Amino acid sequence: MQNKTLFLTSAAAVAAATLLVGCATTPPGPTAAELDAQAMAMMKASFREQGIAKLDRIQQDLGQSACSSDKPPTEAVAKQVEAEALASIKWPTGGQYIGDWRAGERLAQDGRGMAWNNPSTDPKNNGGQCYNCHAIDKKEISFGTIGPSLWNYGKLRGVKDVTDPVSAPIVQYTWGKLWNSKAYAACSNMPRMGHMKLLDEQQIRDLMALLLDPKSPVNQ
Amino acid sequence: MADPMRIRAQMAGDKATVRVLMNHEMETGLRRDPAGKAIPAWFIQDVSAQHNGKPILTAQWGASISKNPFLQFSVKGAKAGDRIAVTWKDNKGDTRTDEATVS
Amino acid sequence: MRPIPFIAAALALALSAGAMAQEKTSADGIAEYRKMLQDGNPADLFEAKGEDLWKKARGPKNATLQKCDLGLGAGVVKGAWVQLPRHFADTNKVQDVESRLVTCMETLQGFNAEELIKTPFGSGEQNNITALATWIAAESRGQRFALPQNHAEEKRFYELGKRAFFFRGGPMDFSCASCHTEAGKRIRLQDLPELTKNPGDGVGFAAWPAYRVSNGQMWGMQLRLNDCYRQQRFPYPGFISDVTVALSVYMGVNAKGAQSIAPSIKR
Amino acid sequence: MLNRRTLLTHSTKVAALLASAGLLPQFAHAAYNAAAFEMKTMAELVKLLGGSAPIESKDVTITGPDIAENGAVVPVGASTALPGVKRLLILVEKNPSVLSAAFDVSDSVDASFTTRVKMGQSSNVYAVAMMGDGKVLFAQKEVKVTLGGCGG
């Protein structure tokens with residue numbers, strides 16, 4: 001099957017080159033648009049499903065395809081992605097934003113979930129994988145640097161009481177960022193934890209507590 | 001049969017530095033396979049070395065030695081061209097001996 | 001009185017650098033750990049096995065691989081690794097080392113290519129392919145990457161590889177680019193090579209095949225990419241599928257001039 | 001639990017092997033001491049091996065990294081320049097079995113060995129020198145084991 005695809009795509013490339021050969025001094029390769037189409041065909045032909053990882057995972061949504069090149073999307077597309085993401089955010093039931101920072105720390109440490117060797121896509125089996133990319137509690141020296149440091153996240157933003165209305169904007173922003181990071185940056189590297197059902201509401205509450213609870217070690 | 005070892009023996013001053021890599025799983029017996037079944041312990045227990053046929057070292061290992069074990073030691077009074085042999089034996093009774101020439 | 005401002009300044013500097021200093025210490029510790037492992041890389045075991053396999057008559061045709069053309073002519077191994085993947089006229093395909101080995105094992109030794117491709121990593125002939133790739137890479141140790149980009153298919157595969165590199169998908173919106181487009185970034189404590197350009201000697205593409213201490217396995221680039229896609233939460237890339245070869249062309253061409261240290265040792 | 005049972009079956013197996021040890025002369029004098037690999041602490045272990053209470057000593061050296069990027073492979077070395085050393089041990093305090101390796105020192109080799117051990121968690125590692133006169137000297141070092149990245 002792979003062979004056939006390759007044959008077909010190269011045949012197409014040869015055909016395209018033959019057509020154009022009359023009006024160019026050097027035989028041109030495929031155009032950018034042709035390569036885009038060939039790349040999509042290649043992605044489709046090269047992968048097979050395995051365990052919980054089905055082929056729909058390489059069917060891109062608007063945001064994914066808009067952020068799939070070395071150039072950022074146009075401002076209009078970025079705005080559209082962000083607006084759709086913002087509208088998708090599910091705010092917490094009963095306005096309960098904050099859970100248990102201890103459970104949050106365990107989630108932040110846990111990098112498992114959603115890979116083809118994992119048993120199920122149930123959020124209960126997933127970690128938040130936060131330390132992969134962020135410094136969080138200073139005591140953990142094994143942290144990544146793709147995202148910004150979250151040490152003193154709540155403290156630096158002046159959160160003394162998470163229920164105080166003064167804290168509401170930062171509390172809501174943090175929930176939104178965890179639920180669907182693309183609401184605030186179309187091509188954010190951060191997974192959409194809530195929107196893609198990587199974590200459930202309670203798990204996000206626990207991460208919220210890790211970041212915002214004045215008692216959390218992060219804010220000492 | 002077990003795969004061969006890699007033995008390098010190089011002169012350093014009046015001694016030969018011997019570095020050995022062994023092909024072995026070194027299963028602790030404490031791990032489980034994906035189906036939840038305990039993986040039986042399988043590890044090298046005895047290691048010995050000979051210099052030109054004369055025993056110079058014996059060692060006993062537990063299952064906590066890393067997979068594909070590494071061992072380094074120095075042989076006194078060795079010279080280029082001497083033979084260094086290393087033997088291991090595991091808990092299943094499998095054994096392997098390989099030899100290197102000091103360079 | 002003179003020294004006081006100096007001391008105060010130094011103290012202030014020391015305080016502000018406090019957090020940084022701790023990070024530096026763990027980075028130094030990790031560097032020291034990696035250095036300790038350099039001497040006695042178990043990859044040597046696989047390299048030796050690969051050399052034996054190359055010279056041993058095997059398969060239904062009971063033949064060796066010594067007439068296998070890795071791009072520099074039949075049987076030429078030295079220097080071949082740093083020019084792979086490349087286009088091969090006989091198959092009219094761009095092939096990486098593993099893909100080329102499958103071709104040679106089929107044509108010279110009579111193995112069934114489909115069977116080889118279906119064999120899971122870490123078992124049977126797949127282990128032999130990894131060992132062979134390890135030895136082939138080792139024969140070019142110290143040489144600099146110079147993938148050919150003359151053939152139209154080589155250029156096309158570079159472009160396809162670039163597109164695959166930036167392709168976002170899966171439940172976590174990851175692409176290769178999520179982790180590998182900036183210098184100096186880490187996942188946990190693991191440094192991430194910047195793969196859109198030459199990331200330096202012995203870094204990124206120039207560091208594989210490698211022995212993985214975490215699981216005691218030898219990994220060729222095919223398994224390396226396979227596990228990248230597992231961690232990207234993608235579906236399963238076929239062994240020697242076009243996407244894997246195209247990505248290798250993209251990374252390999254970008255790594256032009258980087259010195260190969262393969263086989264190396266990795267966390 | 002599992003550990004003990006496995007080791008017990010080993011002891012039987014080893015006993016059987018010893019009966020045929022004549023085939024392997026280099027091992028004839030070194031029966032595998034399965035009991036030693038069941039000990040949980042340095043004190044227990046040294047007592048079992050017939051040594052006196054271990055004393056920390058500058059004359060014994062333990063080498064290893066401050067931080068191990070992966071606990072599956074931690075390079076450790078034990079050495080001493082003291083004359084009269086009979087045996088060098090490498091221990092990992094928090095492993096299920098404290099003893100990793102025991103090297104019998106002869107006049108033909110340096111009392112210096114390097115190997116690699118598995119560590120389940122951050123722990124002290126020890127080099128223990130058992131001397132001909134029954135004294136037991138040791139050196140220790142803490143090795144931090146870091147968590148791996150990503151999904152593992």
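Letters go in sequence order (proteins before strands), and every chain restarts at 1. Please read these numbers as outputs of a predicted model, since none were measured by experiment.
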For D:Ser100, is it the side chain, the backbone, both, or neither that has a heavy atom closer than 4.5 Å to a heavy atom of chain B?
both
When D:Thr114, D:Asn95, D:Leu88 are compared by non-hydrogen pairs under 4.5 Å with chain B, the top option
D:Thr114
Would a distance-only check, ignoring hydrogens and angles, find a side-chain to backbone donor-acceptor pair under 3.5 Å from D:Ser106 to B:Ile56?
yes
Locate the shortest heavy-atom distance separating D:Asn33 from B:Gln60; write the atom from each residue and the value.
N-OE1, 3.0 Å
I'd like to verify something: which residue of D:Leu89, D:Asp107, D:Val92, D:Val76 has the highest number of heavy-atom pairs under 4.5 Å with chain B?
D:Asp107
Are D:Phe103 and B:Trp61 packed together at the side-chain level, in the sense that at least one heavy-atom pair is separated by less than 4.5 angstrom?
yes
Are D:Asp110 and B:Lys15 within salt-bridge range, i.e. N to O under 4.0 Å?
yes
Hey, what's the ring geometry for B:Phe73 with D:Phe113, parallel, tilted or perpendicular (30° and 60° as the breaks)?
tilted
Given heavy-atom pairs under 4.5 angstrom as the criterion, report whether the side chain, backbone, both or neither of D:Ala102 touches chain B.
both
Contacting moiety of B:Ala63, where chain D heavy atoms sit under 4.5 Å:
backbone
Is it true that atom NZ of D:Lys141 has more than 12 heavy atoms of other residues, nucleotides or ligands lying nearer than 6.0 Å?
yes
Under a 3.5 Å cutoff, is there a donor and acceptor pairing between the side chains of D:Ser108 and B:Lys54?
yes
Please name the pair of heavy atoms, one in B:Gly62 and one in D:Tyr32, separated by the smallest distance, quoted to 0.1 Å.
CA-OH, 3.8 Å
Test B:Ser66 against every option in D:Asn70, D:Val73, D:Val74, D:Thr115 by the side chain to side chain contact (heavy atoms under 4.5 Å, CB included) rule and name the one that passes.
D:Val73
What's the separation between atom CD1 in B:Ile65 and atom NZ in D:Lys118, rounded to the nearest 0.5 Å?
8.5 Å
